[in-house]
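First comes the structure, then the notes that go with it.
All values derive from a computational prediction rather than experimental measurement. First the proteins, then the strands, lettered A, B, ... as listed; each starts at 1.
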Amino acid sequence: MSPPDLLDDFTGRIGMSLQPMLDSWHAGLSDRIILERPAARGHGDLATNIAMVAAGSAKLPPLEIARKIVEVLQDSPQVMHLCEKVEIAGPGFINFFLNDKAIADAALGALAQGRDYGSGTAAQPESILLEFVSANPTGPLHVGHARYAAYGDSLKRILSFAGYKVGTEFYINDYGSQMDIFGISLALRYAELWGREIRFPDEGYQGEYTVHIARMIKDEIGDSLLADTDPDARESAIAFFRKRGCELVLDEVRSVLVRFGVVFDDWFSEAGLYQSDAVPNAMQALTDAGELLVQDGASWLLTTRHGDDKDRVLIRSSGEPTYFASDIAYHQDKLSRGFDRLINIWGADHHGYIARMKAAFAALGHDPERLEIIIGQLVNVIELGERKQMSKRKGTMVSLEELIDSIGVDAARFYLVDRSADSTLDLDLEKAKLKSEENPVYYVQYAHARICSILDRSEETPADSGNSTACESLESQERELVLKLAEFPRTVTGAADSRGPQRLTAYSRELAATFHAFYHSCPVLKASPDMASFRLDLCRLTRNVIAMCLDLVGVEAPESM
RNA sequence: GCGCCCGUAGCUCAAUUGGAUAGAGCAACGGACUUCUAAUCCGUAGGUUGCAGGUUCGAGUCCUGCCGGGCGCACCA
């Protein structure tokens, strides 16, 4: 159990001092009552809206409540010994001006926690299965997948840091008609490599990459399947190309993701579901629950009972199960593995699928709340000022590989995760290349490198960390830095709860800016010995927090630049 | 037509889940390197948060209706 950080500690002290009075007003300490850093400097270091919130149940004007609260706080040593002064402002805010000693102590307390500072804040540390990317294995990943990979992986890191137990999974859609088309496309490319005339079907995968894959297969098997690749090719040959092509694509997908810093705990094959009884079992469970209806020769899941706008086919009249059928079986499997919550990250083009999936959960007797679907908006590629539709089939796309090659992993990940997932992202690769040196990631990394350089030049060793005596008097930039550092635990909580990694990149920029300002006005190594020692501790803490922020979004924290 | 997402500074985006005077970066302008990393800092300028109502002590944030953009609405996956 790590000690509470500055904000939590102070909140606790206020709460304890005010409890009796709040009880008498039947107000309680609801989560609407917040302690936060006010935007304006003149409003103190910390502020609370408690008087305004309590006004409702106390049936008194906010300002009057605020006066009574401040009276009580003035008599509370545990609050006042941290404060310079307390004042009432605006419609009833109570503003706290902390004394320098309290601020300096907070920094040393945070530093003492090392890599645990800000971690383990989850209110209920549930176990979560996070599924993302899950691209069809019919070609390389593109920048759209890159966005989900960066977002999902950052979310995994953040949730884990916050104390959740998180598993990540890539669902391989290696079954169904798209795979058949992929197999046929490869067979045709293969024949083409042997000099045969081919006519490529419109719905085939025409991207250049199919040639490379076909060549790899050709090198493996020679001409042994050539006779089978005519327009009326034998099913077994198609099956071979489908399977081998899928394996080769997955090898590439896996390795480019590793390069991108994204490693999945599990890869789950849809085709594998069909090698077990998972799908029939799920159908049976739905039949037993009376949720299935046979009509027009097909089996329908009555999802309208659970809020969907139309019922959905699970088994076609041909007897073939739909994608939805195997997806239900897949989610049954996920639940059977004991997760409290399933989070799926889907592209915006799948949002229409949410209602039916949740309905299936309800039909199986599960609480749909356990399934959380995050919709990530799409990435548009801009070329010569024009929006281009990305299509794997036509081969018109910017691959993750190209993105990494042109701007690097750090800039790419920071850029992709630096904006909320629910706004569409336009990516102009040429512009991104030109502008990559303006990427804010370097601003943050530079602060880290700067600190490392200072620590490197100082006489102190890592063993001196945290041994400074708290300063009695601080410069304003020192106060700002500590207060900014004090926001880190809440930033992590906010990022985890709102599933918003961009909170961390935004925070890391603010922290870097605060540090750079501190750097310019507060010399570290040239200060008097006591002061130098304290400032070195501030540097260590800042370095740790920046490194944690960057790590939480999968970006390196370099020691020099 | 119905559903989901978005609309904030010239551009790209934030905004502590409803808090006080809406903030950063880029672009523009003016300053600071014989100094612990100038990939930095300090300052100036830039806004009716798409529009109109509503809810309340308080709205960029919540509700309703418009306008504009994106994405969906299969016995495809």
Side-chain angles (χ1 to χ4, degrees), chain A residues 7 31-32 34 36-40 42-43 47 49 51-53 55-56 61-63 89-93 95 136 138 173 175-179 181 203 270 296-300 309-310 312-318 320-324 326-327 347-355 375-378 380 387 415 418-426 431 435 437-440 442-443 445-447 449-458 487 490-491 493-495 497-498 500 502-503 505-507 509-510 512-513 515-517 519-527 532 535 539 560-561:
Chain A
L7 290 161
D31 52 4
R32 289 188 52 212
I34 52 174
E36 63 182 353
R37 289 202 59 206
H43 294 149
N49 61 351
M52 276 112 74
V53 175
L63 283 170
F93 286 100
N95 296 336
N136 288 344
T138 53
N173 297 136
Y175 187 89
S177 54
Q178 292 306 314
M179 288 310 294
I181 294 169
E203 70 275 15
E270 182 186 7
D296 304 329
S299 295
W300 299 72
D309 23 299
K310 61 174 298 225
R312 309 288 172 178
V313 171
L314 290 185
I315 311 291
R316 299 183 184 92
S317 45
S318 67
E320 278 290 300
T322 60
Y323 177 78
F324 187 34
S326 57
D327 217 14
D349 51 344
H350 285 73
H351 77 261
Y353 200 77
I354 299 174
I375 291 300
Q377 295 300 314
L378 302 178
N380 295 310
R387 201 171 268 174
Y415 175 80
D418 193 32
R419 60 214 64 216
S420 149
D422 42 33
S423 49
T424 339
L425 194 152
D426 288 338
K431 222 185 240 178
K435 293 189 66 166
E437 68 272 10
E438 290 167 9
N439 192 304
Y442 301 120
Y443 180 80
Q445 289 181 322
Y446 183 62
R450 237 183 185 177
I451 296 170
C452 289
S453 165
I454 295 172
L455 293 173
D456 209 41
R457 286 167 177 269
S458 94
E487 291 176 31
R490 289 198 173 189
T491 305
T493 313
D497 290 349
S498 68
Q502 82 278 1
R503 297 267 183 105
T505 51
Y507 172 77
R509 264 203 307 259
E510 291 167 13
F515 176 80
H516 286 310
Y519 173 90
H520 276 270
S521 49
C522 302
V524 177
L525 299 176
K526 290 168 190 161
R535 287 179 178 173
C539 287
S560 66
M561 285 175 78

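- Checking A77(B), A74(B), A20(B) against every side-chain atom of E270(A), the shortest atom distance belongs to A77(B).
- Base contact: D296(A) has a heavy atom under 4.0 Å from a base atom.
- Taking the side chain of N136(A) as heavy atoms from C-beta on, and the options A77(B), C26(B), A20(B), the nearest nucleotide is A77(B).
- The backbone N or O of V313(A) lies less than 3.5 Å from a partner atom in the side chain of T322(A), making a donor-acceptor pair.
- D349(A) places its CG atom 14 Å from the P atom of A74(B), with the value rounded to the nearest Å.
- Contact of the C539(A) side chain with the V524(A) side chain is registered, since non-hydrogen atoms from C-beta on lie closer than 4.5 Å.
- Two rings, from Y323(A) and Y175(A), have their centers 6.0 Å or more apart.
- Of all heavy-atom pairs spanning S521(A) and P523(A), the tightest one is O-CD, 3.5 Å.
- E438(A) has its CD atom 19 Å from the P atom of A24(B), to the nearest Å.
- A straight line from CD of Q377(A) to P of C71(B) spans 10 Å, rounded to a whole angstrom.
- Looking at heavy-atom distances under 4.0 Å, C522(A) makes contact with a base.
- Between the side chain of N95(A) and the base of A20(B), a donor-acceptor pair under 3.5 Å is found.
- Nearer the 5' end of RNA chain B, as judged by each residue's closest nucleotide, is the contact made by K526(A), out of K526(A) and I315(A).
- Relative to the side chain of A348(A), the nucleotides G19(B), A77(B), C71(B) differ in distance, and C71(B) lies closest.
- Annotated as anti: U34(B), whose glycosidic dihedral deviates from 0 by more than 90°.
- Between the C1' atom of G58(B) and the CG atom of L63(A) lies a distance of 13 Å, rounded to the nearest Å.
- Not a single donor-acceptor pair, N or O on each side, falls under 3.5 Å between the base of C75(B) and the side chain of T322(A).
- Base engagement by Y353(A) is indicated by at least one non-hydrogen atom pair under 4.0 Å involving a base atom.
- Annotation for A447(A) and A512(A): closest pair CB-CB, 3.9 Å, computed over non-hydrogen atoms.
- Atom CE of M52(A) and atom C1' of G58(B) are 7 Å apart (whole Å).
- In terms of phosphate contacts, K310(A) brings a side-chain nitrogen or oxygen within less than 4.0 Å of OP1 or OP2 of C75(B).
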What's touching nucleotides 10-17 of chain B from the protein side, N or O pairs under 3.5 Å?
from: U12(B); atom 1: O2'; to: R419(A); atom 2: NH1; distance (Å): 3.2
from: C13(B); atom 1: OP1; to: R419(A); atom 2: NH1; distance (Å): 3.4
from: C13(B); atom 1: O5'; to: R419(A); atom 2: NH1; distance (Å): 3.1
from: A14(B); atom 1: OP1; to: S420(A); atom 2: N; distance (Å): 2.5
from: U17(B); atom 1: O4; to: D497(A); atom 2: O; distance (Å): 3.4
from: U17(B); atom 1: O4; to: S498(A); atom 2: N; distance (Å): 2.9

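- Between I181(A) and E203(A), the shortest heavy-atom contact is CG2-O, 3.3 Å.
- Judged by ring centres under 5.5 Å apart and planes tilted less than 30 degrees, H43(A) stacks against the six-membered base ring of A20(B).
- Side chain to side chain, S420(A) and D422(A) meet the donor-acceptor criterion of an N or O pair below 3.5 Å.
- Between R457(A) and U37(B) there is a side-chain N or O to OP1 or OP2 distance below 4.0 Å.
- As rounded to whole Å, 15 Å separates atom P of U35(B) from atom CD1 of I454(A).
- F93(A) has its side chain within reach of P91(A): a pair of non-hydrogen atoms, C-beta onward, lies under 4.5 Å apart.
- Closest contact between the side chain of F93(A) and the listed nucleotides C75(B), G19(B), C36(B) involves G19(B).
- To the nearest 0.5 angstrom, R457(A) atom CZ is 8.0 Å from L525(A) atom CG.
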I'd like a table of atom pairs between the protein and nucleotides 38-43 of chain B - only N or O on both sides, under 3.5 Å - with the distance next to each one.
from: A38(B); atom 1: OP2; to: R450(A); atom 2: NH2; distance (Å): 2.3
from: U40(B); atom 1: O2'; to: R450(A); atom 2: NH1; distance (Å): 3.0
from: U40(B); atom 1: O2'; to: H520(A); atom 2: NE2; distance (Å): 3.0
from: U40(B); atom 1: O2; to: H520(A); atom 2: NE2; distance (Å): 3.2
from: C41(B); atom 1: OP1; to: Y443(A); atom 2: OH; distance (Å): 2.4
from: C41(B); atom 1: O4'; to: H520(A); atom 2: NE2; distance (Å): 3.2

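- Residue P440(A) is out of contact with every strand shown, counting any heavy-atom pair closer than 4.0 Å.
- A donor-acceptor distance shorter than 3.5 angstrom exists from the side chain of S498(A) to the backbone of G494(A), with no hydrogens or angles considered.
- The glycosidic torsion of C41(B) lies more than 90° away from 0, placing the base in the anti range.
- Taking the ring axis of F515(A) as reference, the NZ or CZ atom of R450(A) does not stay both within 45° of it and closer than 6.0 Å to the ring centre.
- Among the protein residues, A47(A) comes within range of the nucleic acid bases, having at least one heavy atom under 4.0 Å from a base atom.
- One P atom belongs to G70(B), the other to C41(B), and the distance between them is 38 Å to the nearest Å.
- Note on A447(A): nothing from the nucleic acid sits closer than 4.0 angstrom, heavy atoms only.
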Check step by step if side-chain hydrogen bond (donor to acceptor under 3.5 Å, both in side chains) holds for E270(A) and S326(A). CA-CA 7 Å; E270(A) 182 186 7; S326(A) 57; 2.7 Å; yes

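- If you measure from atom CG of L455(A) to atom P of C36(B), you get 15 Å, rounded to the nearest angstrom.
- Using a 4.0 Å heavy-atom criterion, one finds that P62(A) contacts no nucleic acid atom at all.
- The side chain of S453(A) approaches U37(B) more closely than any other nucleotide in the set C6(B), U37(B), G19(B).
- Comparing the same atom, C1', in C13(B) and in G1(B) gives a spacing of 34 Å after rounding to whole Å.
- Taking atom OH of residue Y507(A) and atom P of nucleotide A24(B), one finds them 16 Å apart after rounding to whole Å.
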